[in-house]
There are 2 protein chains.
Amino acid sequence: MKRKITLKQIAKELDVSVSTVSKALSNSKEISEDTTQKIQAFAKLYNYKPNNIALSLKNRKTKTIGILIPEIVHHFFSTVIRGIERVANRRGYNVIVGLSNESFTKEIINMEMLANGSIDGFVLSISKETLLKQDYHHFNATINQGIPIVMFDRVVNEVDCDKVIVDDFNGAVKAVNKLLENGCKNIALITTMDYVSVGKLRTQGYLEALQNNGIIPDSNLILKIDDSLDVENNLDVLEIEIAQFFKSNPNIDGVFAVNELYAVSAMKVARKLGLKIPDDLQVIGFTDGVLSKHATPSLTTVSQHGQKIGEQSANLLIDRLEAEDSETEQYFTNNEKKRDFIKMVIETEIIERESTK
Amino acid sequence: MKRKITLKQIAKELDVSVSTVSKALSNSKEISEDTTQKIQAFAKLYNYKPNNIALSLKNRKTKTIGILIPEIVHHFFSTVIRGIERVANRRGYNVIVGLSNESFTKEIINMEMLANGSIDGFVLSISKETLLKQDYHHFNATINQGIPIVMFDRVVNEVDCDKVIVDDFNGAVKAVNKLLENGCKNIALITTMDYVSVGKLRTQGYLEALQNNGIIPDSNLILKIDDSLDVENNLDVLEIEIAQFFKSNPNIDGVFAVNELYAVSAMKVARKLGLKIPDDLQVIGFTDGVLSKHATPSLTTVSQHGQKIGEQSANLLIDRLEAEDSETEQYFTNNEKKRDFIKMVIETEIIERESTK
DNA sequence: ATATTTAACGAAAACGTTTTCGTGTTAACA
DNA sequence: TGTTAACACGAAAACGTTTTCGTTAAATAT
């Protein structure tokens, strides 16, 4: 079992100093042709690679970015990670992942754990519990420590940082418009409780689209699901609730749901109730995941472009990290204004499938 | 913007030495009650937390484990990550994620990047391209450097390390037995090409189950999908192929598919061909993901318990890491045998849903 | 009163780098 | 021949810890 070789060992072996080895390997012309050759050959032979940890300590930067998300077994979030990893990798960074599991305290613990030198910056999406508590001190604390944050999807005004969001509002508007164009007269909304910002925005988009078309929203046509219960494992509850909803509103001919699961469940229930999709009922969901693609009938959805969100987030973060670098390298600390915080909006797109006409 | 405070700064501020501060914070009784109090109070006030990188360098261990997987937007893999993260977190470790994207070279690059000090050990699943090439030198190289590896799911005999695998073979046997019990006479298999070990094992299980029941496998009833093409984005190709398959074998009354997608596609195609599920055709898939749960009809599947796989893998790895520790701490290097490599088999379980009788 | 223990702290090394600043040798120059 | 440049290299500091080994002064024992 050969431990990785270090500069010191190379130096000893070749009877030169550590500094000489270091310089030779970086092709410093301070070192003679001869010894450079010799050292490089030796290093190659023993497959020398500088130790990342030592470099991190010396440079006071780790070249890794921390991802902090509520959940990983989730199409949207894993897509975002893929995006982040892609650009991180391309730009020479690693990613380290923490899961808050939608818990406030786990979010804090993870954050503090990573903030103690392990990462240069965060890309994160806020946990539900944190959104409920509206306690964002930990975000501001780490920002004050000089660790930049980029928030995506679930963002919040109380924290000053770069943000990348989906255009939830307009996505919802587009979806409802589509249903209207397709001839729907009574469009229902299946949504979550209001404290999740994205749910709220999508709801607002729904209302806006109706009003723009001269339709007065009917509160009976809005179903708010309490997602404090673990819906994934309580599917029956969800379906019963939706069934009730359909039965008490037999006039519904269109459904806009704020996520895939609600949409697919709605289709399932509707078909059990004897409705034909898309003839009797048209359905549009949000989030273009596996479910939408493979449901029968396949589901028309508002796509969020998760990968793009991840890529943009990572780029924003790394840009800022490297801007900081060149800043401190400036001879004249001429107080050049830092780049303002950016709120980047990723446009949604409607992907038409079988659940609409 | 307050940078994180260091021992040195505390020492300066309180006019003591760095060593004193360090000792006081670890409650060493070398330091007097008084100064300990003073130092701890000050440290708390300024929210001192030791710098992880410095600790890593000093201790020559990072307390983080590297995950290297082919793909992250994938129910099984993300479930495994969740499992790993759970026990990692519980046992004081972080996880850093690399994606090979099924590519041999990306796997190597990622591996080398992380192996240079960033992590203490790997949990990984081999990329398809690597399996095809059968080139495993990079795994053995990092193991030789003293970095332990735990492989899961896609494993290989050529590398000596702990392994956690799904009992693919018996899972397949169970599934086929189930179909037989349910009265199927002509059970088809939809599988992948043979080089992916899991596909091969599931195929073998299928064959075994038939033979155990005195049925001679019919090669016409086996459909091998070439997954070198990106199936997810070529659904139509897949469906056409399956449709052909059904048409030329109208006697099929049961289908065992080696993954969710194939199973769901088979159901979709079958229904278009006018077959009733489960009356005319029963279907069982492998991998219990979102698709199985939410398909209509919902799919009976062989569950792989991804989270458990992740948890076991992480435990194996950390056990080995910490065993190494205590080993080097031994006064008597009494050559105690290292723990042999473990191959842990996670049993599968059939989850019955609507696609079987 | 002297010797020895104990208490309380500091100096320094080590982990593996990079980089600044010397320093000695040789070659070029006046 | 004496002065200066250029060349090739080494020593040491720094990043932030922990830990071993002194060291000093006070307290205890003889």
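A note on names: the letters A, B, ... follow the listed sequences, proteins ahead of strands, and every chain is numbered from 1.
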For A:Leu99 versus A:Asn110, what's the shortest heavy-atom pair and its separation?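 Looking at all heavy atoms of both residues, the shortest contact is O-ND2, 3.1 Å.
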
Return the value, rounded to whole Å, for the distance between atom [atom1] of [X] and atom [atom2] of [N].
X	N	atom1	atom2	result
A:Lys29	D:dC7	NZ	C1'	12 Å
B:Glu30	C:dA8	CD	P	10 Å
B:Leu55	D:dC15	CG	P	16 Å
A:Lys49	C:dG16	NZ	P	17 Å
B:Asn59	D:dG16	CG	C1'	12 Å
A:Asn27	D:dA8	CG	C1'	16 Å
B:Ile31	C:dT6	CD1	P	18 Å
B:Leu57	D:dG16	CG	P	12 Å

At less than 3.5 Å, do the side-chain atoms of B:Ser32 and the base atoms of C:dA8 form a donor-acceptor pair?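 Per atom types, no contact qualifies.
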
Could you check whether A:Thr35 gets within reach of a base, just the sugar-phosphate, or nothing at all, counting any heavy atom under 4.0 Å?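 Since only primed, P, OP1 and OP2 atoms lie under 4.0 Å of A:Thr35, the category is sugar-phosphate.
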
Identify which nucleotide among [options] has an atom closest to any side-chain atom of [X], counting heavy atoms from C-beta outward.
X	options	value
B:Tyr48	D:dT17, C:dA12, C:dG22	D:dT17
A:Ala54	D:dA12, C:dG16, D:dT17	C:dG16
A:Ser22	C:dT19, D:dT17, D:dC9	C:dT19
B:Lys58	C:dG10, D:dT17, D:dC9	D:dT17
A:Lys23	D:dA11, D:dT20, D:dA14	D:dA11

So, A:Ser19 and A:Ser17: side-chain donor and acceptor under 3.5 Å apart, yes or no?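 Distance-only check passes for A:Ser19 and A:Ser17.
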
Within residues 3-17 of chain B, which residues have any heavy atom lying less than 4.0 Å from an atom of DNA chain D?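 Nucleic-acid contacts, sorted: B:Thr6, B:Leu7, B:Lys8.
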
To the nearest 10°, let me know how far the axis at one end of the helix from C:dA1-D:dT30 to C:dA30-D:dT1 is tilted from the axis at the other, five pairs an end.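 Nearest ten degrees gives 70° for this helix.
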
Roughly how far apart are A:Ile10 CD1 and A:Ile5 CD1, rounded to 0.5 Å?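 If we round to the nearest 0.5 Å, A:Ile10:CD1 and A:Ile5:CD1 are 4.5 Å apart.
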
Nearest 0.5 Å, please: how far is CG in B:Leu7 from CG in B:Leu25?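 Taking CG in B:Leu25 and CG in B:Leu7, the distance rounds to 6.5 Å.
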
Salt-bridge contact [X]-[Y] (side-chain N to carboxylate O under 4.0 Å):
X	Y	answer
B:Arg154	B:Glu107	no
A:Glu102	A:Lys133	no
A:Arg320	A:Asp120	no

Would you tell me if any nitrogen or oxygen in the side chain of A:Arg60 comes within less than 4.0 Å of OP1 or OP2 on D:dG16?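 So the side-chain polar atoms of A:Arg60 do come within 4.0 Å of the phosphate oxygens OP1 or OP2 of D:dG16, strictly under.
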
DNA chain C: 5'-proximal contact among A:Ser19 and B:Ser19 (nearest heavy atom):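 It is B:Ser19, whose closest nucleotide lies nearer the 5' terminus.
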
Side-chain touch B:Leu316/B:Phe152, heavy atoms, less than 4.5 angstrom: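 No, every pair of side-chain atoms sits at 4.5 Å or beyond.
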
Hey, are the side chains of B:Val80 and B:Ser313 touching, using non-hydrogen atoms and a 4.5 Å cut-off?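 No, every pair of side-chain atoms sits at 4.5 Å or beyond.
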
B:Phe341 atom CZ, neighbour heavy-atom count above 12 within 6.0 Å: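 For B:Phe341, atom CZ is crowded (more than 12 foreign heavy atoms under 6.0 Å).
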
